[in-house]
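Structure first, commentary second.
Below, each value reflects all heavy atoms present in this structure, side chains not excepted, and no hydrogens, waters or symmetry copies. Numbering of residues begins at 1 and proceeds along the displayed sequence.
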Amino acid sequence: MDWNSYFEMYGLRNSDTAKAQARTHGVKGAVPVGMYVHEQDLPPVNMSEGMTWLPLGDAETVWTRDNSTPANCIKWACCK
């Protein structure tokens, strides 16, 4: 799989050559960018079973626990 989007999500840097190689050999597609929604303060023992997958990468994404969005974070950062 192509892990470029995953690396970018966590701010991990890699060379243009490595990115091109990942795209070329990522025959099963790209790793989805997102996270599991934790409705409680701690995750279940298995870390993800039965939890909702929340795709990230778009300002319209809404975190189900408090209805916050990436768009709100951007606005907040600008207002500080």
Value rounded to 0.5 Å, distance of CG in D2 from CD in Q21: 11.0 Å
Single-linkage hydrophobic cluster V27~V31, side-chain heavy atoms < 4.5 angstrom: no
The ring-ring contact (aromatic ring centres under 6.0 Å, His included) partners of Y6 (sequence neighbours excluded) come to W3, Y10
Nearest atoms (heavy-atom pairs only) where K19 meets N4: O-ND2, 3.1 Å
